[in-house]
Amino acid sequence: MTASIVGWAHTPFGKFDAETVESLVVKVATDALADAGISAEDVDEIVLGHFNAGFSPQDFTASLVLQADPKLRFKPATRVENACATGSAAVHQGIRAIASGAARIVLVVGVEQMTRTPSADIGRYLLKASYLPEDGDTVGGFAGVFGKIAQSYFQKYGDQSDALAMIAAKNHKNGVANPYAQMRKDYGFEFCRAESEKNPFVAGPLKRTDCSLVSDGAAALVLTDSETAKTMGKAVNFRATAHAQDFLPMSKRDILQFEGCTVAWRRALAQAGVQLSDLSFVETHDCFTVAELIEYEAMGLTPRGQGARAIKEGWTQKDGKLPVNPSGGLKAKGHPIGATGISMHVMSAMQLVGQAPEGMQLKNAKLAGIFNMGGAAVANYVSVLEPTK
């Protein structure tokens, strides 16, 4: 690949009444440039990932990045969106700018502010990432869509409540060591497994602990070409990237297959010249625990219908053969939509250069896989990262 990550920044994810989309963007843009050790003057292009869909009244946001430094004025700046994969869409757009020779240094920023939105509107805005003619009246919003997926999976492969609770417990435990995570509490399997006043059913078989959090937050990356990266203080290379877009209506595909996820993983691994077993860890899109379960199968970790094996046999724990979501994932870290894919890249880059927070850092992390998903396996992005040798 032609691109490398040479700097990054990440706000904590959570509920921040004193912040705005603008203040979050300015903070991470400023911090990412400082982390890379470059001036705003050196930036050739800016890409902003911002889903919005009604969460923010300010809907023309690409130029907000310029507020970070007057020297960014007149730089090309574009906002991109691809549902919950908006962050990775922005990263891939930055890589294309570098690969084409149009830019040498690209600043990629992702942001979302969701918690100021009334609860009744949150579900309606998130449901815009589904096919409205079929799913527009789904009770529970996007949680209702994945509740239906979980119900169908249970009907085909049996009750997977234990596996879902184990995934939730794993990710919450991992999130304790992540200072950027919105929820840093080890709830344990029993709490995640049992229905209770604090953990009620939300949609179908999904309980509150099966659902990612409504979040505010931002993350940013500085990308450059691999030759320039060799002169920088630190660098993480893109060994491969892949993007597979599937049909929006779930009626046009087998929703239990996550076929776009499978295609994206196959393309990325082939491009990287590696197998899934070569990866040190994976950051995957656990918007709901059932998504992580099906992603185990779609990425090729287990055969179809046997995803529960991966969690029940400990494969995806931090000390397992393929740790999944050592950051805590969306489940614990939070899911400010436009920032999520960029956050995944930041967390992975930290691991690969040995700069992950204490307790989160994996030993000898050499190769990272990232899967970021928009909609119900509609927009599927995979990156394979490695530290610069």
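Residue numbers start at 1 and run along the sequence shown.
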message: Could you walk me through whether R304 and Y157 satisfy the side chain to side chain contact (heavy atoms under 4.5 Å, CB included) test, starting with their C-alpha distance in whole Å, then the side-chain angles of each, then the deciding distance to 0.1 Å, before giving a yes or no?
response: CA-CA 9 Å; R304 298 289 181 188; Y157 298 115; 4.1 Å; yes
Do [X] and [Y] have side-chain heavy atoms sitting under 4.5 Å apart?
| X | Y | result |
| --- | --- | --- |
| I98 | F238 | no |
| M299 | F371 | no |
| Q317 | V324 | no |
| N199 | Y187 | no |
| L48 | V25 | yes |
| R309 | W315 | yes |
| H50 | T86 | no |
| I294 | I149 | yes |

field: same_hphob_cluster(L367, L301) at 4.5 Å side-chain heavy-atom cutoff
entry: yes
field: Within one Ile-Leu-Val-Met-Phe-Trp-Tyr cluster: L223 and L72, side-chain cutoff 4.5 Å
entry: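 No.
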query: Given L33 and V222, is the side chain to side chain contact (heavy atoms under 4.5 Å, CB included) satisfied, shown in steps?
result: CA-CA 7 Å; L33 292 174; V222 176; 4.2 Å; yes
- prompt: Once the angle between the rings of F55 and Y125 is folded into 0 to 90°, is it parallel (under 30°), tilted (30 to 60°) or perpendicular (over 60°)?
  reply: perpendicular
Spacing of [atom1] belonging to [X] relative to [atom2] belonging to [Y], to within rounding of 0.5 Å:
| X | Y | atom1 | atom2 | result |
| --- | --- | --- | --- | --- |
| D216 | E19 | CG | CD | 8.5 Å |
| S4 | R239 | OG | CZ | 13.0 Å |
| T11 | F13 | OG1 | CZ | 5.5 Å |

query: Taking it one step at a time, do K318 and N174 satisfy side chain to side chain contact (heavy atoms under 4.5 Å, CB included)?
result: CA-CA 8 Å; K318 278 204 292 192; N174 289 350; 3.5 Å; yes
field: Distance-only polar pair, side chains of T2 and D225, donor-acceptor under 3.5 Å
entry: no
message: Less than 3.5 Å apart, any donor N or O on the side chain of S327 or N178 sitting next to an acceptor on the other?
response: no
task: Just grab all the salt bridge (Lys or Arg N to Asp or Glu O under 4.0 Å) pairs involving residues 43-60, residues at least two apart or on different chains.
output: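 For residues 43-60, and leaving out neighbouring residues, the salt bridge (Lys or Arg N to Asp or Glu O under 4.0 Å) pairs sorted by first residue read D59-R79.
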query: Hey, mind stepping through R193 and D162 against salt bridge (Lys or Arg N to Asp or Glu O under 4.0 Å) and telling me if it holds?
result: CA-CA 6 Å; R193 179 64 177 86; D162 284 352; 2.5 Å; yes
message: Looking at K128, I'd like to know if its NZ atom is crowded, meaning that more than 12 non-hydrogen atoms belonging to other residues, nucleotides or ligands lie closer than 6.0 Å.
response: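 Counting other residues, nucleotides and ligands, NZ of K128 exceeds 12 neighbours.
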task: Answer yes or no: does atom CZ of F247 have more than 12 heavy-atom neighbours from other residues, nucleotides or ligands under 6.0 Å?
output: no
What pairs of donor and acceptor atoms, side-chain ones from residues 339-353 against any protein atom, are under 3.5 angstrom apart with sequence neighbours left out?
{"residue": "T340", "atom": "OG1", "partner": "H335", "partner atom": "ND1", "Å": "2.6"}
{"residue": "T340", "atom": "OG1", "partner": "P336", "partner atom": "O", "Å": "3.4"}
{"residue": "S343", "atom": "OG", "partner": "H10", "partner atom": "NE2", "Å": "2.7"}
{"residue": "S343", "atom": "OG", "partner": "K333", "partner atom": "NZ", "Å": "2.7"}
{"residue": "H345", "atom": "ND1", "partner": "G341", "partner atom": "O", "Å": "2.7"}
{"residue": "H345", "atom": "NE2", "partner": "S383", "partner atom": "OG", "Å": "2.8"}
{"residue": "S348", "atom": "OG", "partner": "M344", "partner atom": "O", "Å": "2.9"}
{"residue": "Q351", "atom": "OE1", "partner": "Q361", "partner atom": "NE2", "Å": "3.2"}
{"residue": "Q351", "atom": "OE1", "partner": "L362", "partner atom": "N", "Å": "2.8"}
{"residue": "Q351", "atom": "NE2", "partner": "M360", "partner atom": "O", "Å": "2.8"}

- request: Would you check, one step at a time, whether the test side-chain hydrogen bond (donor to acceptor under 3.5 Å, both in side chains) holds for E22 with Q67?
  value: CA-CA 8 Å; E22 181 178 336; Q67 308 290 75; 3.2 Å; yes
- request: Inspect the contact between K234 and D35 and indicate whether a charged nitrogen and a carboxylate oxygen are less than 4.0 angstrom apart.
  value: yes
- request: May I have the step-by-step check of side chain to side chain contact (heavy atoms under 4.5 Å, CB included) for F142 and S130, ending in yes or no?
  value: CA-CA 8 Å; F142 215 62; S130 67; 3.8 Å; yes
